[in-house]
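Here is the structure we will look at, set down as C-alpha cells.
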Amino acid sequence: QVQLVESGGGLVQTGGSLRLSCTTSGRTVSFSSMGWFRQAPGKEREFVAVISWNGGNTYYADSVRGRFTISRDNAKNTVYLQMNSLKPEDTAVYYCAARRSSRLLVHLNEYDSWGQGTQVTVSS
C-alpha cells in the first residue's frame, strides 16, 4: 500500500503560478505511473497530467498543455505539478494518483492509490 499526500495548493490570481507536490510513503513508487487529476465543484474528476516511472515520458490534458509541467524525483519520493498562467477554470481540488505500471495511465479507474487532494483557487 502506498500513501500519497498532496501539498502546495492555495489562492492565486489569474496569471499566477503554483507548484503542487505529492509525497509518497509506504510501497515505493519508483516503478509507478504517477498522475494528477482535478475535480471542480459539480464536475467529474478529470485527468490533468501523467509521468512515467522514470520521468522519461509525460502527457497532458489539452486544457493545461503548455502551462503545466509534471516532474518527479524518485529519490525524494515526490511528484510535482508546476502550474503557470493559471486561469479561473483551473480552480479545483487537485489529486495525485499512483499505479505500478510501465505505461502512461490517463484514466482515473486505472489508478489504485490516491491522495486526499489539495485545493487550488484562481481568482479573476
Side-chain angles (χ1 to χ4, degrees):
Q1 187 73 14
V2 60
Q3 291 77 46
L4 309 175
V5 179
E6 302 94 336
S7 62
L11 174 64
V12 64
Q13 293 185 333
T14 296
S17 298
L18 284 174
R19 188 176 80 155
L20 306 183
S21 298
C22 173
T23 301
T24 68
S25 61
R27 172 176 60 83
T28 179
V29 293
S30 296
F31 299 102
S32 297
S33 179
M34 300 291 297
W36 284 97
F37 291 76
R38 66 186 181 187
Q39 187 166 18
K43 295 187 177 181
E44 295 186 350
R45 194 171 299 189
E46 65 176 7
F47 167 77
V48 175
V50 60
I51 189 166
S52 61
W53 68 275
N54 63 354
N57 291 291
T58 59
Y59 183 74
Y60 298 90
D62 288 344
S63 58
V64 307
R65 187 174 292 117
R67 299 187 298 122
F68 291 10
T69 303
I70 188 171
S71 61
R72 68 190 296 167
D73 185 339
N74 285 345
K76 295 183 178 179
N77 293 321
T78 302
V79 176
Y80 305 97
L81 186 68
Q82 177 66 45
M83 306 186 296
N84 298 329
S85 302
L86 283 162
K87 306 174 182 180
E89 50 263 44
D90 295 318
T91 295
V93 177
Y94 283 72
Y95 300 88
C96 70
R99 173 69 183 267
R100 185 179 290 269
S101 176
S102 60
R103 299 186 295 113
L104 290 176
L105 306 178
V106 301
H107 301 293
L108 61 88
N109 59 7
E110 293 180 300
Y111 287 88
D112 58 7
S113 298
W114 290 85
Q116 294 299 307
T118 185
Q119 176 71 47
V120 171
T121 303
V122 184
S123 63
S124 57

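These numbers come from the heavy atoms of this one structure, side chains and all, not from hydrogens, waters or symmetry mates.
- Taking every heavy atom of both residues into account, T118 and G9 meet most closely at OG1-N, 3.2 Å.
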Set out, in order, the CA-CA distance, both residues' side-chain angles and the distance that settles side-chain contact (heavy atoms from CB on, under 4.5 Å) for R99 and S32, then state yes or no. CA-CA 5 Å; R99 173 69 183 267; S32 297; 5.8 Å; no
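- Of all non-hydrogen atoms in S33 and V50, the two that sit nearest each other are OG-CG2, 3.2 Å.
- In this structure, Q116 contributes its side chain and E6 its backbone to no donor-acceptor pair below 3.5 Å.
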side-chain contact (heavy atoms from CB on, under 4.5 Å) between Y59 and I70, worked out: CA-CA 9 Å; Y59 183 74; I70 188 171; over 6 Å; no
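- In terms of heavy-atom proximity, A40 sits nearest to A92 at N-CB, 3.8 Å.
- Rounded to the nearest 0.5 Å, atoms CG (L4) and CG (N77) are 10.5 Å apart.
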Let me have the donor-acceptor pairs involving side chains of residues 107-114, under 3.5 Å, with sequence neighbours excluded, atom names and distances please.
residue	atom	partner	partner atom	Å
E110	OE1	V106	N	3.2
E110	OE1	H107	N	3.0
Y111	OH	L105	O	2.6

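- In this structure, the separation between CZ on F47 and CH2 on W36 is 13.0 Å, given to the nearest 0.5 Å.
- Under a hydrophobic clustering in which Ile, Leu, Val, Met, Phe, Trp and Tyr are joined whenever their side-chain heavy atoms come within less than 4.5 Å, directly or via other members, L18 and Y80 fall into different clusters.
- Note that CD of E46 is 9.5 Å distant from CD of Q39, once rounded to the nearest 0.5 Å.
- Atom CD of Q3 and atom OG1 of T23 lie 12.5 Å apart (nearest 0.5 Å).
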Going through the checks in order, is the salt bridge (Lys or Arg N to Asp or Glu O under 4.0 Å) test met by D62 and R65? CA-CA 5 Å; D62 288 344; R65 187 174 292 117; 2.5 Å; yes
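- The line from CD1 of I51 to SG of C96 is 12.5 Å long, rounded to the nearest 0.5 Å.
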Given the rule in the side-chain contact (heavy atoms from CB on, under 4.5 Å) test, do V79 and L81 qualify, once you have shown the distances and angles that lead to the verdict? CA-CA 7 Å; V79 176; L81 186 68; over 6 Å; no
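- Put simply, the side chain of R100 does not reach to within 4.5 Å of the side chain of V2, judged on heavy atoms.
- Checking side-chain atoms of S21 against main-chain N and O of S7 turns up no donor-acceptor pair under 3.5 Å.
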Please walk me through it: do E89 and V122 pass side-chain contact (heavy atoms from CB on, under 4.5 Å)? CA-CA 8 Å; E89 50 263 44; V122 184; over 6 Å; no
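- Panel note: side chain R45, backbone V93; no donor-acceptor pair is recorded below 3.5 Å.
- W53 forms part of a hydrophobic cluster together with F31, judged by ILVMFWY side-chain heavy-atom separations under 4.5 Å.
- Note that CZ of R67 is 12.0 Å distant from CD of Q82, once rounded to the nearest 0.5 Å.
- The backbone N or O of K87 lies less than 3.5 Å from no partner atom in the side chain of T14, so there is not a single donor-acceptor pair.
- S17 and S85 get closest at one heavy-atom pair: OG-N, 4.4 Å.
- Between M83 and V12 there is no side-chain heavy-atom pair separated by less than 4.5 Å.
- Between Y94 and F68, the ring planes lie tilted relative to each other; the angle falls in the 30° to 60° range.
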